[in-house]
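Quantities reported herein were computed from a predicted structural model and do not represent experimental measurements.
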Amino acid sequence: ISPATASNAQAAKSEPAASWQFLLDGMWQNDSGTQVATVKDGVMMCMFSSSPCPLQIVHRPWPLTCHVDGEKWEGAICDRGDRITWEDGEEWFRMATEPSPSVADSRLLAFKMAAASIRDLNVAVCECVTWLQEHLDLQSGKDFLHRLVSEEKCMLVAFADASQASRAWKIMEEKVVVCPVQVEPVDFDDLSSRAASKAQSLQVFLRAE
């Protein structure tokens with residue numbers, strides 16, 4: 001592969017690896033089927049370098065960047081993390097033996113709120129978080145973590161324990177909570193790009209447990 005030679009006029013601001021790296025974990029092959037790289041925890045080992053290559057996600061036009069033997073490579077993540085398109089036109093594909101990151105996790109739930117306004121949505125979110133803390137005796141940041149997708153009137157919640165996720169789902173489905181909430185498991189294939197970005201950061205919380 002030829003390294004990318006173009007550079008941005010200004011340095012792009014990098015985002016923390018914790019919010020995206022799991023998408024790229026696994027083995028990668030080129031379009032001829034030859035394995036070219038392995039990624040683990042945001043660090044790439046590839047056939048073009050004997051040294052580990054930390055990956056970074058930056059702002060457009062080329063969101064993925066890394067340095068291989070001192071040379072800058074830039075590319076884009078496509079197909080929900082199953083394909084990398086490098087700036088020079090070469091493409092890498094996730095090897096078929098690797099599980100897809102789009103598989104639903106039973107500990108990741110979507111709480112859909114019936115809110116008429118942003119203010120109502122924020123109130124509903126606060127009520128749900130308070131309910132999880134007081135009625136299920138859970139600690140935010142340790143037992144569960146949530147992200148708000150305000151455009152879709154939805155709160156994504158990741159639970160450290162599958163039994164707690166199941167219990168919360170069952171109780172909310174029985175309409176025991178104060179605010180009207182529809183609870184359902186999260187599948188990456190059904191998420192918008194905005195919601196998927198929020199769900200990815202929660203996947204890191206799940207993987208850390």
Side-chain angles (χ1 to χ4, degrees), residues 12-25 41-42 55-60 63-64 77-82 99-173 175-209:
K13 182 179 179 182
S14 299
E15 296 179 0
S19 67
W20 59 268
Q21 63 81 13
F22 82 97
L23 275 177
L24 301 179
D25 274 5
D41 297 331
L55 301 174
Q56 291 181 311
I57 293 295
V58 298
H59 295 295
R60 291 181 295 179
L64 177 64
I77 302 171
C78 310
D79 297 340
R80 296 183 181 274
D82 285 333
S100 171
S102 64
V103 175
D105 191 312
S106 61
R107 295 174 296 159
L108 185 57
L109 302 178
F111 290 29
K112 297 185 176 181
M113 318 286 188
S117 65
I118 293 297
R119 181 180 180 279
D120 292 340
L121 177 62
N122 289 333
V123 170
V125 167
C126 289
E127 289 179 348
C128 283
V129 171
T130 298
W131 181 84
L132 289 171
Q133 292 173 324
E134 295 182 353
H135 292 269
L136 291 186
D137 195 26
L138 301 178
Q139 182 178 344
S140 178
K142 179 182 178 181
D143 301 315
F144 74 95
L145 198 65
H146 72 279
R147 294 287 184 269
L148 175 62
V149 188
S150 57
E151 296 81 4
E152 300 180 18
K153 297 182 179 180
C154 174
M155 179 176 70
L156 302 176
V157 183
F159 294 85
D161 186 273
S163 63
Q164 293 289 8
S166 178
R167 183 183 174 202
W169 186 2
K170 180 179 179 181
I171 295 176
M172 287 197 167
E173 285 292 292
K175 311 299 182 184
V176 177
V177 292
V178 176
C179 55
V181 179
Q182 179 183 352
V183 183
E184 58 187 43
V186 172
D187 189 323
F188 272 83
D189 291 334
D190 296 329
L191 293 176
S192 66
S193 58
R194 193 179 297 270
S197 176
K198 301 291 182 72
Q200 288 164 15
S201 64
L202 292 176
Q203 280 280 11
V204 176
F205 169 78
L206 295 173
R207 287 164 60 90
E209 294 300 321

Next on the checklist: If you define the side chain from C-beta out and look only at heavy atoms, does anything of Leu24 sit under 4.5 Å from Leu64?
Outcome noted: yes
What distance do [X] atom [atom1] and [Y] atom [atom2] have between them, rounded to the nearest 0.5 Å?
X      : Y      : atom1 : atom2 : value
Leu121 : Ser150 : CG    : OG    : 7.0 Å
Glu127 : Asn122 : CD    : CG    : 11.5 Å
Arg107 : Gln164 : CZ    : CD    : 12.5 Å
Trp131 : Leu138 : CH2   : CG    : 8.5 Å
Phe144 : Gln133 : CZ    : CD    : 4.5 Å
Phe111 : Glu184 : CZ    : CD    : 11.0 Å

Ignoring hydrogens, what is the shortest heavy-atom contact between [X] and [Y]? Give both atom names and the distance.
X      : Y      : result
Leu109 : Phe159 : CD1-CE1, 3.8 Å
Cys154 : Leu156 : SG-CD2, 3.9 Å
Leu202 : Ala158 : CB-CB, 3.9 Å

Next on the checklist: For a side-chain contact (heavy atoms from CB on, under 4.5 Å) check, start with the C-alpha distance between Leu132 and His146, then their side-chain angles and the critical distance, and finish with the verdict.
Outcome noted: CA-CA 11 Å; Leu132 289 171; His146 72 279; over 6 Å; no
Checklist entry - Is Ser166 reaching over with its side chain to a backbone N or O of Ala162, donor-acceptor style, under 3.5 angstrom? => result no
Item to check | Any donor-acceptor pair under 3.5 Å from Lys198 side chain to Leu148 backbone | outcome: yes
Next on the checklist: For a side-chain contact (heavy atoms from CB on, under 4.5 Å) check, start with the C-alpha distance between Cys128 and Met113, then their side-chain angles and the critical distance, and finish with the verdict.
Outcome noted: CA-CA 10 Å; Cys128 283; Met113 318 286 188; 3.9 Å; yes
